[in-house]
Amino acid sequence: MEERQVVLRAEEICKTFDITKAVDHVSLQLNKGEIRGLIGENGSGKSTFVSMLCGILKIDSGAFILDGAPYAPLNQVDANYHGVSIVVQESGTLSGLTVAENIFLGKEDKYVKFGIKNVGKMKEDANRILKSYGYDFIDASAMIDTYDFETRKLVELVKATCFDLKIFVVDETTTALSQSGREELYKQMKRIRDEGGTVVFISHDLQEVLDKTDTISVFRDGQYIDTVNSADMTEDDLKRLMVGRELDEKYFRTDYTASSMDEVALSVEHVSVPGLLEDVSLTLKKGEILGIGGLSESGMHELGKALFGASYNRSGTVKTGEGISIDSIYTAINSGIAYASKNRDTESCILNQSIRDNICLPSLSELSGKVLISDKVQNQFAQEYAELMSVKMQGTDQFVSNLSGGNKQKVVLARWIGKDSDILILDSPTRGIDIKVKADIYALMEKIKAKGKAILMISEEIMELIGMSDRIIVMKDGRFSGEFERSELLSEEDIIKAMV
C-alpha cells in the first residue's frame, strides 16, 4: 500500500450502549491525501466510529491522535475548529435560519462586534463562497426553508468543506441525492483529496465505494477487520470481508414471469398534484409487486404520498378494491394501506420514541381493551414483530434514534407487518441498507406477495426494480413514460431510455 503521511490515529477506541459494544477496541489510521472507504453491515459500528470522530458522540475509552496531538472533540463545532466535519444522509441544515447563517453556524463570533452581528458582511462572505463552488443560484440571504432538499444538501456541503479542512466524513449521503447532486459531492471529495485532505466515505453501494475511494476499511460487529487497496478488490471480496463468510448471491426473485391475482387491490384514476404529478392512472393487483421508477425529481416519491392520502392538494381518485375512497392518511391506514417513506428519519419513524411505540402505533385500536391499552399486550406485540424482522436491539424500550439505518427500516416494516396491511407502499425500501438486510427485505416482499397482498415499490435502483417487480412503470416529469412486464430479457438500458 502506498505510503502516505498519517493525519489521524485511532487507538483502542470503544463505545458501549448499555450492554451493546458498538465500537470494540478499534485501532486504525487515516492518511493525508486519500479517500478512505468505510464499509460494514448495519450495526457494524462504522457510523458510531465517525460520530465519535466528529464530536457527535463521546468515546468511552481509547484516544484519537490528530496531526500528532491528542484530539477529543467536545461537540461538532469543536470538531470543525480542529478541521473535522461531516455530512450525513438526512438533512443537516437548520430550519428558520438563512443560508448564510447555516454556512457559518458555530462560527458567528467573527461577525459579532460589541454584541451586534454584521449580517451584511456574513451575507457577502457566504455569497462569495457559494460563487467559488459554482452555486451562484443560491442566495445567501434567503431562508434555507425556501430551497428544496437537494439545494439544502449543497449548502450543507459548503458548510462542511469551506474552512481549513483535515478530515471530511461523508456518511451515507449519496443515497439521499440525485445523480447531479452525487456528482457535486464526488467533485468536492476529489478536490479535498487532491489538496492533501482526507475523506472518509461511507456507503452501502459497494461498486460506488470501489469506484470513488483509494483505500477501504472494513468493520464487522463493532470491530476493525482490515484496510485494503480499492484497486485490488471486487464487490465479492468486500462482501466476504464484511460478513466473514461467503454470501449467497440470490437477492432477487429467481422467477422471470409476472404473476398476480385478477382481483384489484388499488385503483388510481387521474391523480394530479400541482407541479408534481399530472393525470396519473394505474391499477395495482393483489399478489403483485408493482415497481415505480424514475429519476429523483420525476414525481415517483410524491406518487407514494398521494396514494397514501398524504398530499392534501391532490385531485383524482384512489380507491381500494372494495371501493373505499382514500382521501386521508387515517382512511388509508384503516383500509389496510401501509406507507414507508423514503425519508425514514423524518416521515417513517418517531426517533425519540421506543421501538415498542413505533411498532404499536398504527395498531393501537386493535390492541386496546375496552378502556386502556395494556402495557403487557403492547410489549408482547412489539417483541413478536421486532423478532420477526430480526431487529438488533437491547429491548423494545430502546429509542429508535439509537438504531442503525437498517434496523430503523426493520422497525418501520415490523409496524406494518404487525398491522397486517393488505397494500404496502414502499418508497426506497432498501435505501442505505447493507446487503444482508437487503436480502432479508426482498425475501419478506416475496412472502407478502405469496399471501396475495399487494406491494407498490418506488425505487431509484434499476436492478432492484428489475429484480423484484412483476411490472415496472417509469415516471418522468410527473407522468408515466414507460411500462414494462417482468422478463429475463429486460435490461437497465430499457429502463433508462424511459427515464430520460
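Below, all heavy atoms of this structure are taken into account, side chains as well, without hydrogens, waters or symmetry copies.
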Measure from the side-chain N and O atoms of [X] to the backbone N and O of [Y], and report whether any donor-acceptor pair falls under 3.5 Å.
X      : Y      : value
Arg253 : Met468 : yes
Lys15  : Lys21  : no
Ser27  : Glu12  : yes
Ser469 : Ile472 : no
Asn379 : Asp375 : yes
Gln394 : Phe17  : yes
Lys410 : Ser390 : yes
Asn102 : Leu94  : yes
Asp205 : Glu208 : yes
Asp145 : Gly96  : yes

Side-chain contact, heavy-atom cut-off 4.5 Å: [X] with [Y]?
X      : Y      : value
Arg356 : Asp397 : no
Tyr147 : Asp139 : yes
Ile56  : Ile86  : yes
Met143 : Ser95  : no
Val158 : Leu130 : yes
Tyr135 : Leu157 : yes
Ile448 : Ile455 : yes
Lys239 : Leu206 : yes

Distance only, no hydrogens: is a donor on one side chain within 3.5 Å (strictly under) of an acceptor on the other, for [X] and [Y]?
X      : Y      : value
Thr161 : Tyr133 : yes
Ser459 : Glu464 : yes
Ser141 : Thr98  : no
Gln223 : Asp24  : yes
Glu11  : His25  : no
Thr227 : Thr215 : no
Gln383 : Glu387 : yes
Arg36  : Thr198 : no
Asp211 : Gln207 : yes
Asp237 : Thr234 : yes

query = Which class fits the ring pair Tyr186 and Phe201: parallel under 30°, tilted 30 to 60°, perpendicular over 60°?
reply =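 Tyr186 vs Phe201 ring planes: perpendicular.
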query = Relative to the ring of Tyr224, is the ring of Phe219 parallel (under 30°), tilted (30 to 60°) or perpendicular (over 60°)?
reply =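 Rings of Phe219 and Tyr224: perpendicular, over 60°.
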inquiry  = side-chain contact (heavy atoms from CB on, under 4.5 Å) for Ile350 and Asp357? Distances and angles first, verdict last.
reply    = CA-CA 9 Å; Ile350 305 174; Asp357 290 345; over 6 Å; no
Shortest non-hydrogen separation from [X] to [Y] and the atoms involved:
X      : Y      : result
Val412 : Cys349 : CG2-SG, 3.4 Å
Ile425 : Gly304 : CG2-CA, 3.9 Å
Thr16  : Asp60  : N-OD2, 2.7 Å
Ala414 : Ala386 : CB-N, 4.5 Å
Asp171 : Ser47  : OD2-OG, 3.2 Å
Met300 : Leu295 : CE-O, 3.9 Å

Electrostatic pair [X]-[Y], nearest N-O below 4.0 angstrom:
X      : Y      : result
Lys107 : Glu101 : no
Arg193 : Asp214 : yes
Lys153 : Glu150 : no
Lys131 : Asp136 : no
Lys190 : Asp194 : yes
Lys453 : Asp420 : yes
Glu347 : Lys342 : no
Asp125 : Lys121 : yes
Glu156 : Lys159 : no

Taking side-chain contact (heavy atoms from CB on, under 4.5 Å) as the definition, give me every residue that meets it alongside [X], ordered by chain and number, with sequence neighbours left out.
X      : result
Leu364 : Cys360, Leu361, Ile373, Gln378
Ile329 : Phe308, Ala310, Tyr312, Ile333
Ala160 : Ser85, Val87, Phe168
Glu297 : none

ask   = Sequence neighbours excluded, which residues qualify as salt bridge (Lys or Arg N to Asp or Glu O under 4.0 Å) partners of Arg191?
value =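 For Arg191, the residues satisfying salt bridge (Lys or Arg N to Asp or Glu O under 4.0 Å) (neighbours in sequence not counted) are Glu195.
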ask   = In this structure, are over 12 heavy atoms from other groups packed under 6.0 Å from Asp221 atom CG?
value =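 For Asp221, atom CG is not crowded (no more than 12 foreign heavy atoms under 6.0 Å).
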inquiry  = Please determine whether the number of non-hydrogen atoms from other residues, nucleotides or ligands lying under 6.0 Å from atom NZ of Lys123 exceeds 12.
reply    =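 Count not over threshold, so no.
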ask   = Given Leu66 and His82, is the side-chain contact (heavy atoms from CB on, under 4.5 Å) satisfied, shown in steps?
value = CA-CA 9 Å; Leu66 180 65; His82 286 88; 4.1 Å; yes
request  = Report the C-alpha distance between Lys46 and Glu41 in whole Å, list the side-chain angles of each, state the deciding distance to 0.1 Å, and finish with yes or no for salt bridge (Lys or Arg N to Asp or Glu O under 4.0 Å).
outcome  = CA-CA 9 Å; Lys46 57 190 185 300; Glu41 294 185 84; over 6 Å; no
request  = Take Phe104 and Ile129, measure what side-chain contact (heavy atoms from CB on, under 4.5 Å) needs, and give me the verdict at the end.
outcome  = CA-CA 11 Å; Phe104 293 116; Ile129 293 170; 3.8 Å; yes
query = Only one of Leu38, Val170, Ile35 clears side-chain contact (heavy atoms from CB on, under 4.5 Å) with Val200; which?
reply =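 Of the listed options, the one satisfying the test is Leu38.
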ask   = Which pairs count as salt bridge (charged side-chain N to carboxylate O under 4.0 Å, His left out) when at least one residue sits in residues 64-76, sequence neighbours excluded?
value =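 For residues 64-76, and leaving out neighbouring residues, the salt bridge (charged side-chain N to carboxylate O under 4.0 Å, His left out) pairs sorted by first residue read Lys32-Asp67, Asp67-Lys166.
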